[in-house]
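Data first, discussion second: the structure below is written as structure tokens.
Both ligands and their constituent atoms are indexed starting at 1 by order of listing.
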Amino acid sequence: MSPMCMYSCENGLANDFHFVHYGSRSQGGTGLIMVEATGVEPRGRITNHCMGIWNDQQAEELEKIVDFVHTRSESKIGIQLAHAGRKGSTWNNLQIPLEEGWETVAPSAIPYHPSERIPHILTVEEIKEQVDNFKKAAKRAVKAGFDLIEIHGAHGYLVHQFLSPLSNIRTDEYGGSFENRIRFLLEIVDAVNEELNENIALFVRISGTEYAENGWNINDSVELAKILKEHSVDLVDVSSGGNIHGAKISVFDGYQVPFSSQVRNEAGVKTGAVGLITKVEQAEEILQKGEADLIFVAREILRNPYMAVQGSFETQEDCFFPHQYTRAKISS
Ligand SMILES: Cc1cc2nc3c(=O)[nH]c(=O)nc-3n(C[C@H](O)[C@H](O)[C@H](O)COP(=O)(O)O)c2cc1C
């Protein structure tokens, strides 16, 4: 299950909706459930109703979901740690007034859309604080029992804003060269890794390309993936887009799989593929062709929480099915 914001929290707290939402995917046999983009600080949320993990109470509510998944299913459960940067303080993709939202932060004074407020440029000291926010969030996630942590480096949010030369025009050690633009992400990766033990995996989601001239591209992603591997990242989850308003994206079944394939095969890292993968056979074919190591499914698993177990009935493979439901199991 790919991470998906549900915009249903108050004060960043998971509630009954999230318990049922994630719990039901575990009963559907999902191998890995990824909890939605979760803000590492209040300004890291996209909206006022996004999930957060900047305090202990938020982690305690998440722990209830993790415990249910672990005791009542065979699913693994991860959490995506995120900071929205200049794309925060919105509702329905539109920026909300300052009084209802907040001043956004970014590597440079470039808004996502010209009509939006100019973001505050993070000072070097503030960048270090953001790294520390990710580290503290990881510590809480570990305490809550998550099996893995994913750092959200895609879709034009803060980490991506640093990666791209179109949104990052800094002249200090965090901007300019490729090495400087990836520094923020690497510092987060290293800080988060300090909180993990050998049983907890670390993923990074990236946008393989941002579909813009002189922007972040697939060759940058391959180079980044090689470095992430050296920094003990276990898997690169390859999505695309999100940083450039109005970028032209051609969307078709499995449209982002070639990015995953290129990163996997040129960087020699494990990758995840995502984007219009809606059928079990399609997912299996991607794995068999060596284009990815893991398949993330988003919208289809909203439509069908039982996608995995249903697929297993069709392929006659073993899959977790709640013992309470045994009488409904389709036999071969
Ligand atoms: C409702 C919704 C919320 C999403 N929220 C997130 C998110 O929190 N983090 C993220 O990395 N991607 C997010 N995405 C993107 C999905 O994870 C996925 O990459 C995208 O929908 C393409 O996969 P699909 O074709 O299977 O839906 C979201 C997508 C949807 C539909």
Side-chain angles (χ1 to χ4, degrees), residues 1-9 12 14 17-18 21-22 25 28 30-40 44-53 62 77-85 87-88 90-93 134 137 141 146 148-161 163 185 188 202-211 221 235-243 247 249-260 263 271-283 286 291-292 294-305 307-308 311:
M1 179 181 187
S2 199
M4 278 177 281
C5 291
M6 292 287 110
Y7 314 108
S8 299
C9 299
F17 166 76
H18 302 94
H21 170 65
Y22 292 112
R25 270 69 197 179
T30 310
L32 167 64
I33 296 163
M34 192 69 81
V35 168
E36 63 204 82
T38 302
V40 299
R45 294 172 299 171
I46 302 166
T47 72
N48 276 313
H49 299 288
C50 287
M51 186 90 79
I53 188 161
L62 286 164
I77 180 161
I79 184 165
Q80 188 183 51
L81 301 183
H83 196 301
K87 287 179 87 177
T90 70
W91 187 248
N92 281 337
N93 293 321
F134 275 89
F146 281 102
L148 75 90
I149 286 176
E150 176 168 274
I151 295 164
H152 198 348
H155 303 164
Y157 297 111
L158 187 62
V159 171
H160 185 169
Q161 289 157 31
L163 296 178
L185 172 57
I188 293 171
L202 179 60
F203 291 7
V204 174
R205 177 167 270 201
I206 61 167
S207 284
T209 175
E210 57 189 14
Y211 307 99
S221 294
L235 180 139
V236 180
D237 170 8
V238 189
S239 185
S240 75
N243 197 37
I249 308 177
S250 149
V251 175
F252 48 90
D253 274 2
Y255 69 107
Q256 295 174 144
V257 174
F259 303 133
S260 161
V263 171
T271 61
V274 64
L276 284 179
I277 302 168
T278 53
K279 296 190 177 61
V280 170
E281 313 83 72
Q282 183 193 4
I286 294 164
E291 293 173 320
L294 201 70
I295 304 296
F296 288 89
V297 178
R299 286 163 293 181
E300 184 59 26
I301 211 163
L302 292 186
R303 289 186 281 266
N304 180 7
M307 183 186 178

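Closest protein heavy atom to atom 20 (C) of ligand 1: Ala298 CB, 4.0 Å. Closest to atom 3 (C) of ligand 1, if we only count protein heavy atoms, is Cys5 N, 3.3 Å.
Taking distance alone, with nitrogen or oxygen atoms compared against 3.5 Å, Pro3 approaches ligand 1 more closely than that limit. Taking distance alone, with nitrogen or oxygen atoms compared against 3.5 Å, Glu36 stays at or beyond that limit from ligand 1. Residue Phe296 places no N or O, backbone or side chain, under 3.5 Å from any N or O of ligand 1. An N or O contact shorter than 3.5 Å links Gln80 to ligand 1 by distance. When only interatomic distances are considered, the shortest N/O to N/O separation between Ala37 and ligand 1 falls below 3.5 Å. Below 3.5 Å of separation, one finds no N or O of Met6 facing any N or O of ligand 1. Residue His152 places at least one N or O, backbone or side chain, under 3.5 Å from an N or O of ligand 1. In terms of polar-atom proximity, defined here as any N/O pair under 3.5 Å, Val297 makes no such contact with ligand 1.
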Name each donor-acceptor pair under 3.5 Å that joins a side chain in residues 298-305 to protein atoms two or more places apart or in another chain, with its distance.
| residue | atom | partner | partner atom | Å |
| --- | --- | --- | --- | --- |
| Glu300 | OE1 | Arg303 | NE | 2.9 |
| Glu300 | OE1 | Arg303 | NH2 | 2.9 |
| Asn304 | OD1 | Tyr306 | N | 2.9 |
| Asn304 | OD1 | Met307 | N | 3.4 |
| Asn304 | ND2 | Gln310 | OE1 | 2.7 |

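The shortest non-hydrogen separation linking Gly272 to Leu235 is N-CD2, 3.7 Å. Contact detail for Ser207 and Gly241: the closest heavy-atom pair is OG-O, 2.8 Å. When all heavy atoms of Val274 and Gln256 are compared, the closest pair comes out as O-NE2, 2.7 Å. The shortest non-hydrogen separation linking Leu276 to Phe252 is CD1-O, 3.6 Å. A pairwise comparison of heavy atoms in Met34 and Phe296 identifies CE-CE2, 3.9 Å as the closest pair.
With Thr47 contributing its side chain and Cys50 its backbone, the two residues share a donor-acceptor pair below 3.5 Å. Put simply, the side chain of His49 gets close to the backbone of Cys9: a donor and an acceptor are under 3.5 Å apart.
With hydrogens and angles left out, the side-chain atoms of Ser239 and His155 include a donor and acceptor closer than 3.5 Å.
Residue Arg205 places a heavy atom under 4.0 Å from ligand 1. Using a non-hydrogen distance threshold of 4.0 Å, Gly275 registers as a contact of ligand 1.
The distance from ligand 1 to the heavy atoms of Val274 drops below 4.0 Å at these ligand atoms: 18 (C), 19 (O), 23 (O). In summary, the atoms of ligand 1 found under 4.0 Å from a heavy atom of Ser2, numbered by their order in the structure, are 16 (C), 17 (O), 18 (C), 19 (O). If you number the atoms of ligand 1 from 1 as listed, the ones under 4.0 Å from a heavy atom of His155 come out as 10 (C), 11 (O), 12 (N).
With Val204 as reference, Leu185 is the one residue of Asp237, Leu185, Val238 to meet the side chain to side chain contact (heavy atoms under 4.5 Å, CB included) rule.
In this structure, of Met51, Arg299, Met4, the residue bringing a heavy atom nearest to atom 30 (C) of ligand 1 is Met4.
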